[in-house]
Amino acid sequence: MATNVFANTVTVQGTIKTPGTYKAEENMSIITALFKLGGGSAKRAFKFAIVGGATGEVIEEYRFDTVVNTLDVEEPTIMGFDIGSCVVNTIRILTTYNYQKHGNVACLKELSEALTEMCDVDGEVSFEQFKALVEKAKEAAGEENKALIRPIVSALAVFPDEFMEHCDMKYCAGSCCETMYRTPCANACPADVDLPGTFALLQMGKPIESVALGRNDNPFLLTCGRICEDLPCQKFCLRQIIDKPVYTRSLHKYAGVKAAELAGSLDAALDYPALRPTTKTGKRVAVVGAGPAGLTCAYFLGRYGHEVVVYEAMSVGGGMMRVGIPDYRLPVELLNAEIDHICKMGVEIKYNMAMGKDFTLQQLRDEYDAVFVAIGAFKANRLNLPGDGSADIVTAVDFLYAGNLKREWPGLGKSVFVIGGGNVAVDCARVAWRLGADDIVMSCREEYHRMPATVDEIHHTEEEGIKIYPSYTPLDVNKDGDKYIVRIQKLPTRPEGEWRWDDPIPGEILEFKVDTVIAAIGQYADIDMLKEQGLEVTPRRTLKADFHTFETPMEGVFGGGDCVLSPRTAIEAVGTGKRAADTIHKYLCPGAKTGFPSMRKLMNNYVGEFTMKEAEQQLSYVDEVADRRDFHEAEQPYTDEQAFLEMKRCICSAKTGLRRMGE
Amino acid sequence: MKPKTILKIRKLVQFLFFVFFLVFCAGAVCAFNINETGVFACTLGALEVIIGSGTIYASLLITGAIMLVLTILVGRVFCSWICPFGAVIDYLELLIKRIHLKRADKLKANAVINPKTKYGVLIGTLAAAGIAKRPVFCAICPIGNTCRAAGMQGVMIGLETLFVPLFAGLSFIKERFWCRYLCPVGAVLALTDKLSVLRVKLPADTCIRCKRCENACPMGVNPWTKTHKRVKEDPAVIAALVENGTPDVLYRPIAFSTLPAEVADVVTATAKKGCKIPGGECIRCYECAAACPILNEGFTEKVDVVEEAAISA
Ligand SMILES: Cc1cc2nc3c(=O)[nH]c(=O)nc-3n(C[C@H](O)[C@H](O)[C@H](O)COP(=O)(O)OP(=O)(O)OC[C@H]3O[C@@H](n4cnc5c(N)ncnc54)[C@H](O)[C@@H]3O)c2cc1C
Ligand code: SF4
Ligand code: SF4
Ligand code: SF4
């Protein structure tokens, strides 16, 4: 056992706020080093850390409570990496460095070359070859040079998927390996929307084509233009080299508005000829669930020429986007226009048909050539609190369903208590306000700045007079006549980076007397029904499916969306639907090519204008708070002037990127 | 001067030379006519004649050296500023762009054939001159044929003029196909260009990685990969990155002002040397630099919108 290198000082480095060398604490964990000494991540959440410098060990985020002196490393340094980092590229650089410094021991030269190939789109190292090479290096290194390949060995153990994606799929999740994608934003978008292309077409004054180019990849482009939150494309946007990212979502919203204006109606604007299917394969596919995942899969299968029937349990399409996301954020007409367009691809939606009730999976498997299951996460977690009112707590799913479809909740009353701190909770509170409640209180266990809801949403919530009590845990709910008494107790503030809570602070209890209590504490898929149908489920209460191909263990059955991923975002559901459609197409027509002809020729060799000016704002709520109290869309689109400034801010607009896709 | 302006000047100069060669100089500048007018030849023509005849003509040595000296002084400018066949190819390119032809992947240098093929053509040309005892290549040389096609002495279209559209037409496969893969004159100049002093420069440390330059280059030089990507792989830069604990920071969208100082210094120092496009394949056409938003608009982190609005108001 080596001596404790962390006995005196520790150097904290990486994408953190205050890098530097500090006095080491006794039994210091990675959390302490990165958060307390390093000030936390500079921008985004951590993904992994390397303890011990260039010969250190890779530790993934959920093991950050590891005490560093239990690790047998040589240097007292800890590097933090946030989620924008590519593990393979990082390891490649470390390996090249080690090779430069120590010469060709432990196959470092070969490893460095192999990693360089893996980070290049033309590289031809397969994952198997790489693993074999690492094994060989382990032998060559022996005990004395073990440290030199420790980063590779530990990274391969922790992130095998990422290495596999680089070798065999040529995909870099961190948008670091430049030859593998056209632009970082399109690479980060789960649906691969060609964002620079859409902006270039907008610059050229062709909004209809711009929307069509985007919808070539994402049938819910305009919907996502309203509701995409936590935008993956913006996080990787190159514009951050200069100032703030390009406000991608707002531009797609603008494109939709302009296209509808130009074509006369939204339906006419969406129906772009090049998107229509050209062939018929005669194969039939059933899709269960008309949410974004199911409908996206149906859209692409329709365009591949298959006949698709979508079975939907409810009487409306769109899934959570229709019954969960309130109409003031996403107008129904817009969602319906996109769904109608999907139906034009040879897709039929059968409403009021629930799997497990009206039909079984086996029936679908007998009747169709393939089945795609995307039933979303419609089961709400129940809050089991003490107290006789606990059974009456309304779940967010039920409440929003009624709020969206019927615009009422019997017995809502004037005062409402919402438990939860995510976007769903925020939606509940804001819907309650629009349904007539005046005195609305939200509470959540997270600290204010660590609430999962987005900053904008929290801001709007507060504007609408909703009070938020962060760092409180609910104690009990008791009946008091018609009313309920909710008691919440203060939690101590957690140190940064710590995700476990200590016991609540004794005595600091608040009491509220309200008409309705709503709990928005997460949803999960109907796994009992899935099990009944013979599908496998995971301990995470999701449907078991491969995360790259979306095949389930059952032959001919595929799964995607929230029921596979656990509740995430609409665009991720769209992405799974798209990937699954490709696999299903290959499954039905072996040897067939996936993907559709590029529409980039629309751009006519346009190069794109560029400006150095800084963005003004994402989008503005021009409506006064008092005018917002119904379900009309409150967020206004860009004016022409704002939009043109914004689209010229896009650095990569038009003909750029190291890799050309199908042009 | 902004590269965009340089590009405009280049196009003008190229046009003037085109007119000059076509109208006034028909045939007079070429080894093809060596027996009649005798004094002037391009470098390749001079070599051919000297090898073919086994005699060293002083006049040819001088005229042949003009292009070499030019190249050493200012680079392989002949191909994009002077060459009349280059102009033909550039004008054809405008047409090809218009019809949106799907061509071989532009960003792969070796996508069609190896660019070194032209050195093979060069050796073949010289060998043929030696065997046939006369400059045979000059008969099919599209550059000379362009010069001879028309002029003060009237249109002189002969069978060999067909080589002009034939070789120019290769552009339908890939941009500047002839120049990139086949031209033996280009081959001589490419070899000379390795010694040249002046190089096209891309912005040193302020590249915003848009890769417009990479896409603009008609010669498949991959200017960005040859400069900024190389800088990132420089041993000194890698060492600075790793020792500073931010190995992948240059691969991420991070503002220069937030780069750690130790890294920024090394990167700037390396980029100052490394942002020059290597000589050889580069024909100094300035397409890349003219496409670069940073070189043309100037880099300003955080332009103050309020201030600009006040000025325009
Ligand atoms: C309140 C709320 C707000 C949200 N806000 C946002 C946001 O702003 N931005 C964002 O990106 N994401 C948001 N989301 C998440 C997003 O809506 C979901 O991630 C997305 O809709 C998941 O898509 P899906 O296709 O997997 O499932 P779902 O949209 O849940 O669709 C599943 C469909 O399957 C149907 N179904 C269920 N069971 C059966 C059965 N047995 N037989 C047949 N059909 C069945 C359902 O009726 C439903 O139509 C929000 C979610 C909620 C709840
Ligand atoms: S500048 Fe434009 S194309 Fe480039 S990453 Fe940002 S949004 Fe995407
Ligand atoms: S100047 Fe630039 S664009 Fe022109 S050949 Fe050289 S590298 Fe290519
Ligand atoms: S065009 Fe300029 S800014 Fe863009 S990648 Fe090339 S050098 Fe960098």
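These numbers were taken from a predicted model, which means no experiment stands behind them. Reckoned from all heavy atoms, side chains included, excluding hydrogens, waters and symmetry mates. So that the names make sense, note that chain A is the first sequence line, chain B the second, and so on, each numbered from 1.
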Work out which heavy atom in [X] is nearest to a heavy atom in [Y]; give both atom names and the distance.
| X | Y | result |
| --- | --- | --- |
| B:Ile208 | A:Ile241 | O-CD1, 3.6 Å |
| B:Pro253 | A:Cys237 | CB-O, 3.3 Å |
| B:Val242 | A:Ala54 | CG1-CB, 3.7 Å |
| B:Asp248 | A:Cys86 | OD2-N, 3.8 Å |

Which portion of [X] sits near chain B, non-hydrogen atoms under 4.5 angstrom:
| X | answer |
| --- | --- |
| A:Ser175 | backbone |
| A:Ser85 | both |
| A:Cys177 | neither |
| A:Thr11 | neither |
| A:Glu75 | neither |

Original post:
For B:Asn296 and A:Phe610, what are the C-alpha separation, side-chain angles and deciding distance, and is it a side-chain contact (heavy atoms from CB on, under 4.5 Å)?
Top reply: CA-CA 10 Å; B:Asn296 291 286; A:Phe610 176 76; over 6 Å; no
Original post:
Do any pairs count as a side chain to side chain donor-acceptor pair (under 3.5 Å) and have a residue in residues 44-59 of chain A, sequence neighbours left out, and if so which ones?
Top reply: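 Listed by first then second residue: A:Lys47-A:Glu162.
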**OP:** Mind running salt bridge (Lys or Arg N to Asp or Glu O under 4.0 Å) on B:Arg252 and A:Asp82 for me, showing each step along the way?
**Re:** CA-CA 11 Å; B:Arg252 313 188 38 196; A:Asp82 67 17; 2.5 Å; yes
Original post:
Any side-chain heavy-atom pair from B:Asn244 and A:Met79 closer than 4.5 angstrom?
Top reply: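 Side chain of B:Asn244 against side chain of A:Met79, heavy atoms only: no contact under 4.5 Å found.
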Original post:
Given side chains that start at C-beta, do those of A:Gln13 and B:Pro260 come closer than 4.5 Å, heavy atoms only?
Top reply: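 Result no, sub-4.5 Å side-chain heavy-atom pair not found.
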Subject >> Under the ring pair (Phe, Tyr, Trp, His ring centres under 6.0 Å) test, residues paired with B:Tyr251 that sit two or more places apart >> reply: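 Here no residue qualifies.
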Subject >> Derivation of the side-chain contact (heavy atoms from CB on, under 4.5 Å) call for A:Glu178 and B:His228 >> reply: CA-CA 12 Å; A:Glu178 275 138 341; B:His228 288 280; over 6 Å; no
Original post:
Should we say atom CZ of B:Phe15 is surrounded by more than 12 heavy atoms from elsewhere, each under 6.0 Å from it?
Top reply: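 No, not enclosed.
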**OP:** Check the surroundings of atom NZ in B:Lys232: do more than 12 heavy atoms from other residues, nucleotides or ligands lie under 6.0 Å from it?
**Re:**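 More than 12 within 6.0 Å, yes.
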Original post:
Sequence neighbours excluded, which residues qualify as side chain to side chain donor-acceptor pair (under 3.5 Å) partners of A:Arg150?
Top reply: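 A:Arg150: side chain to side chain donor-acceptor pair (under 3.5 Å) contacts with A:Glu74.
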Original post:
If you check every heavy atom in residues 90-98 of chain A against those of chain B, which residues fall under 4.5 Å?
Top reply: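 Contacts with chain B: A:Thr90, A:Arg92, A:Ile93, A:Leu94, A:Thr96, A:Tyr97.
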